[in-house]
Amino acid sequence: MIIILITLDCLRKDHFGNELTPVFNGGLADWASFTNGFSQSQNTLSSHFTMLTSSYLFQHGVYSNFRGKKLPSHSMDKRLKEAGFGTKAVCGVSFLSDLLGNQIGGKDDYFELSGGRIMNAFKRRIRGERRPAEKVVASGLKWLLESPPGEGKFLWMHFFDAHMAYSAPRRFMKKFVPRERSSKSVREQLTDRGWFSPYFKEYGKKVPLDHFPRSYKAAVSYIDHTLGLFFSMLKQFGLFDDALIFLTSDHGECLNGDHDIYCAHKKLFDETINVPFFVKFPGSEFGGRSSDLIVEHTDIAPTAVGYVTGRTPEYMGTDLRELLSGRAAPRKYAFSEHVDNYMRSVRDGDNIFVEIVEGMENKWGMKVEREKLFRRNGDPLADAGLESAMLAEMSSFMSKNASSSEGDDLGRDDKIEEQLRSLGYL
């Protein structure tokens, strides 16, 4: 059996499964789709740690991209190893590979840098390294085909193309990004509007503000094209039908001034927390079914491990097969935390309660919405009294499920900090 986890960095729900992804849409008959799929954080490392361990940030303690942690004994990859699976991670960016991917199946050595050994080490230390979607797919497929026949396989593939600065081959950029100029740089235009975005050298360009949101669309289109090639190859080698495949994003992205944020992911509204969430079960069970049940990243590990072993006692999440078949009670709320432990949110199908954590620093200097309870669709609040109920639910959830922090701290690494600075995380 093959289990594949595909994570698309920064890809928001309303940009996947529509006109930007015609290739994937053409195969939806094989997939169960969830319109209310939610991330537990707007941060890369935190979200992936949640997917692999089925635990929340206040449990696993990964509140930063700077400090890695060892995956605990109940992590998805370790439970599958115990069941005889080979495991491998192929990440689209080097810092995630260094901090997490290398714990799954050994060192991810597929970064192909030009230059000699010393120059490669320098480039990776100073600016990190990105790998385009086609190289991620090529490396993942290579490992699948070279693994011992008959062995169970778990592959995690991470795509970084839709992370700022959004990247795609020229033919995709030409389709979505017109050649237009502006009298002001992007940085100057952001200052005029008071919008927040991390520092990127690309913001010195004198282009319209929609230049980068259009580049984002080009990156999504490129990912769709590449995933189509990957699924076609799986079918060609007879690996697709019996595979269990999860496709989601670690978080979404505010693009053109959503909540006063430009091309970044710093708040806990639906633009960053409501993520694409698709599962292709063996034999295409539940294929073509669209569900509005509330699901979370915490549900990935119990679904995979439950399929193989039938046991998921250590996990916070729910086996999605049990949920779709009606054997498990539906979740009423989804819970998320900001990576800086600055905000928390709880949401149902219609509303979001966002809490600013007392005593925590707004180190990004972001504008913060003054209300606590919001309608997810932007309409006026229908019941302000719901605020106290959702706050009570969040407080009760955290107190009932409090646990000691999972995994040994790997320590802060200066190399990782330099890579993150080059990627706009600082």
Side-chain angles (χ1 to χ4, degrees), residues 5 7-8 11-14 16-17 28 31-42 46-48 50-51 53-59 246-252 265 267-281 286 288-304 306 312 315-338 343-355 372-379 381-383 386-398 400-401:
L5 171 61
T7 58
L8 312 175
L11 215 158
R12 51 192 272 172
K13 176 183 172 295
D14 62 2
F16 200 91
L28 276 174
W31 298 79
S33 57
F34 297 88
T35 57
N36 282 316
F38 298 105
S39 169
Q40 276 53 78
S41 177
Q42 40 53 261
S46 307
S47 291
H48 285 100
T50 288
M51 293 182 217
T53 64
S54 186
S55 51
Y56 296 88
L57 274 67
F58 71 88
Q59 294 173 317
F246 301 90
L247 190 152
T248 187
S249 61
D250 54 349
H251 52 74
H265 37 277
K267 294 184 181 179
L268 299 180
F269 294 98
D270 275 15
E271 288 84 355
T272 51
I273 298 298
N274 189 193
V275 293
F277 206 115
F278 298 88
V279 184
K280 187 263 158 197
F281 291 96
F286 305 111
R289 180 169 171 179
S290 178
S291 171
D292 62 0
L293 292 169
I294 293 176
V295 297
E296 297 182 331
H297 282 160
T298 58
D299 300 328
I300 291 173
T303 303
T312 59
Y315 295 136
M316 293 296 297
T318 302
D319 184 332
L320 293 170
R321 292 177 75 219
E322 298 292 302
L323 194 64
L324 287 170
S325 64
R327 295 190 294 268
R331 180 185 281 109
K332 186 176 181 180
Y333 296 107
F335 179 70
S336 304
E337 296 178 81
H338 194 274
M343 297 178 184
R344 300 176 187 137
S345 69
V346 61
R347 70 196 71 211
D348 59 20
D350 300 309
N351 308 285
I352 314 170
F353 177 86
V354 179
E355 178 187 43
K372 292 185 178 180
L373 184 67
F374 304 84
R375 294 283 288 177
R376 287 180 54 200
N377 65 2
D379 288 346
L381 293 177
D383 180 10
L386 185 62
E387 178 176 320
S388 59
M390 295 185 78
L391 174 60
E393 178 69 25
M394 182 160 59
S395 300
S396 173
F397 178 81
M398 292 187 70
K400 286 180 181 178
N401 296 291

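Sequence positions, counted from 1, serve as the residue numbers for this chain.
- Evaluation of the side chain to side chain donor-acceptor pair (under 3.5 Å) rule for S39 yields S47 as partners, not counting sequence neighbours.
- One distance of note links NZ of K372 with CD of E387; it measures 6.0 Å at 0.5 Å rounding.
- Counting only heavy atoms from C-beta outward, the side chains of M398 and R344 approach each other to under 4.5 Å.
- Contact check for V279 versus F286: no side-chain heavy atoms found under the 4.5 Å cut-off.
- The CD atom of Q42 sits 10.5 Å away from atom CD of E337, with the distance rounded to the nearest 0.5 Å.
- Taking the side chain as every heavy atom from C-beta outward, F16 and L247 approach each other to under 4.5 Å.
- Panel note: side chain H297, backbone S249; a donor-acceptor pair is recorded below 3.5 Å.
- The distance from the OH atom of Y315 to the OG1 atom of T53 is 8.5 Å, given to the nearest 0.5 Å.
- In this view, D350 satisfies the salt bridge (charged side-chain N to carboxylate O under 4.0 Å, His left out) rule with no residue, not counting sequence neighbours.
- Judged by distance alone, the side chain of E355 and the main-chain N or O of L391 form no donor-acceptor pair under 3.5 Å.
- Taken to the nearest 0.5 Å, the CE atom of M51 stands 6.0 Å off from the CG atom of L5.
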(message) Test side-chain hydrogen bond (donor to acceptor under 3.5 Å, both in side chains) on R376 and N351; report intermediate values, then the result.
(response) CA-CA 5 Å; R376 287 180 54 200; N351 308 285; over 6 Å; no
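- At least one donor-acceptor pair closer than 3.5 Å links the side chain of T272 to the backbone N or O of K267.
- Within the 4.5 Å cutoff, no side-chain heavy atoms of P330 are placed close to those of I294.
- Checking side-chain atoms of T298 against main-chain N and O of S54 turns up no donor-acceptor pair under 3.5 Å.
- The closest side-chain heavy-atom distance from F374 to D270 is not below 4.5 Å.
- Under the 3.5 Å distance criterion, with hydrogens and angles disregarded, a donor-acceptor pair is assigned to the side chains of S345 and R347.
- Pairing each heavy atom of A32 with each of F281, the nearest pair is CB-CE1, 4.2 Å.
- Here the side chain of E322 pairs no donor or acceptor atom with the backbone of A328 at under 3.5 angstrom.
- Relative orientation of the F335 and F397 rings is tilted, given thresholds of 30° and 60° on the angle between their planes.
- The main-chain N or O of S55 is found under 3.5 Å from a side-chain atom of T50 such that the two form a donor-acceptor pair.
- Rounding to the nearest 0.5 Å gives a distance of 6.5 Å between CG of L268 and OG of S336.
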(request) Start with the C-alpha distance between Y333 and M394, add both sets of side-chain angles, then the distance that settles side-chain contact (heavy atoms from CB on, under 4.5 Å), and finish with yes or no. (result) CA-CA 9 Å; Y333 296 107; M394 182 160 59; over 6 Å; no
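- Side-chain atoms of N36 come within 3.5 Å of backbone N or O of D292 as a donor-acceptor pair.
- Using modelled atom types, one side-chain atom of D299 and one backbone atom of T318 make a donor-acceptor pair closer than 3.5 Å.
- Using modelled atom types, one side-chain atom of T248 and one backbone atom of P276 make a donor-acceptor pair closer than 3.5 Å.
- With rounding to the nearest 0.5 angstrom, the CG atom of L293 is 5.0 Å from the CG atom of L323.
- With respect to R321 and D319, no salt bridge is recorded, no charged nitrogen being found less than 4.0 Å from a carboxylate O.
- By the 4.5 Å heavy-atom criterion applied to side chains, F58 and N401 are counted as neighbours.
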